[in-house]
Amino acid sequence: MDAGWLPFHPTPTRPAFTPPSGAVDAHCHVFGPGDRFPYAPERKYTPCDAGAAQLFALRDFLGFSRNVVVQATCHGTDNRAMVDALEQSGGRARGVATVDAGITDGELAALHAAGVRGVRFNYVKRLVEPRPDTYYHGIVERIAALGWHVVVYFEAADLAEKWDFFTSLPTIVVVDHMGRPDLTRSPDGPEFAPFLRFMERDNIWCKVTCPERLSKSGPPTYDDFVPFARTVVERFPDRVLWGTDWPHPNLNMVGHMPDDGWLVDMIPRLAPTPAVRQALLVDNPMRLYWPEEVA
Ligand code: 0GY
């Protein structure tokens with residue numbers, strides 16, 4: 001299990017695109033260091049150590065102001081590395097945790113105090129063992145009371161099966177990576193239509209993220225990703241988020257490690273006007289993660 005995963009790009013290109021002031025990288029992770037924050041025994045991959053100081057250096061280098069640090073499966077329900085990053089951020093990072101149904105009210109309150117504002121339910125079978133909906137319902141009732149939202153990660157083919165559960169959720173629901181569409185199809189075709197229909201619901205948001213995982217046309221421009229992200233951004237400009245996905249966990253030798261500067265330079269192609277970029281990079285993530293700072 002310890003061999004074969006690519007390390008993050010050591011020297012990304014400085015992007016030509018300058019994000020608007022106050023931009024938020026709304027999907028990234030921190031990992032380890034493993035000797036301080038051990039990886040979960042049940043993990044399906046072992047990432048490279050990638051700590052808060054490296055994340056914040058990248059944030060500054062890319063021209064961003066804040067991060068949303070999302071718990072990934074390799075740390076299971078042990079949120080300590082993520083919480084440590086929030087605490088080191090001086091209020092410039094908020095988090096999405098993975099919790100188990102037995103979490104106490106005191107533990108939830110401590111996560112909230114540290115800056116956690118959502119929980120993530122992961123349905124990607126190569127990453128986790130699926131749990132029944134009833135398991136998640138118990139968690140949702142608890143976190144809804146804190147004003148948190150739910151982040152869901154699933155494969156496009158699984159949306160139909162999860163539809164009733166997802167649409168029953170009383171909170172905002174944020175979908176990772178546009179629900180992993182097949183980019184060899186058309187964004188106007190029948191394959192992507194159910195996802196767009198899902199997005200028609202007022203409480204559903206999504207992240208236009210992860211060209212490096214989804215693209216078949218590949219780097220550096222990931223052309224096949226652009227029309228899908230642009231379709232979503234143009235139709236639902238108030239409910240989209242963008243993030244780097246740094247340090248790009250679980251990419252192995254079959255894939256490639258993206259240059260984070262390339263990813264930033266894609267943003268004007270996904271969000272062609274300054275107004276839409278302001279929504280995608282600043283106003284939407286601020287509303288969701290720092291609502292107390294939004295008038
Ligand atoms: C991502 C994508 C992946 C991994 C995880 O929680 C995770 O381990 O989300 C993936 O392998 O597609 O968002 O980082």
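Whatever order the structure lists ligands and atoms in, that order sets their numbers, starting from 1. We count residues from 1, following the sequence as given.
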Looking at Asp105 and Arg142, is any side-chain nitrogen of the basic one under 4.0 Å from a carboxylate oxygen of the acidic one?
yes
Near ligand 1 (heavy atom, under 4.0 angstrom), the protein residues are His27, His29, Tyr45, Ala72, Thr73, Arg120, Asn122, Arg126, Leu127, Tyr153, His177, Arg180, Arg213, Asp245, Pro249, Asn250
Go through the side-chain N and O atoms of Asp245 and His177 and say whether any donor and acceptor fall under 3.5 Å apart.
no
If only side-chain N and O atoms count, and only distance matters, is there a donor-acceptor pair under 3.5 Å linking Asn67 with Tyr289?
no
Would Asp176 and Lys207 pass as an ion pair if we require N to O under 4.0 Å?
yes
Can a donor-acceptor pair be found between the side chains of Asp224 and Ser215 at a distance below 3.5 Å?
yes
Please list, one pair per line, the donor and acceptor atoms closer than 3.5 Å that link side chains of residues 247-255 to other protein atoms, with sequence neighbours excluded.
unit_1 : atom_1 : unit_2 : atom_2 : d
His248 : ND1    : Glu212 : OE2    : 2.8
His248 : NE2    : Asp260 : OD1    : 2.6
Asn250 : OD1    : Trp5   : NE1    : 2.9
Asn252 : OD1    : Val254 : N      : 2.9

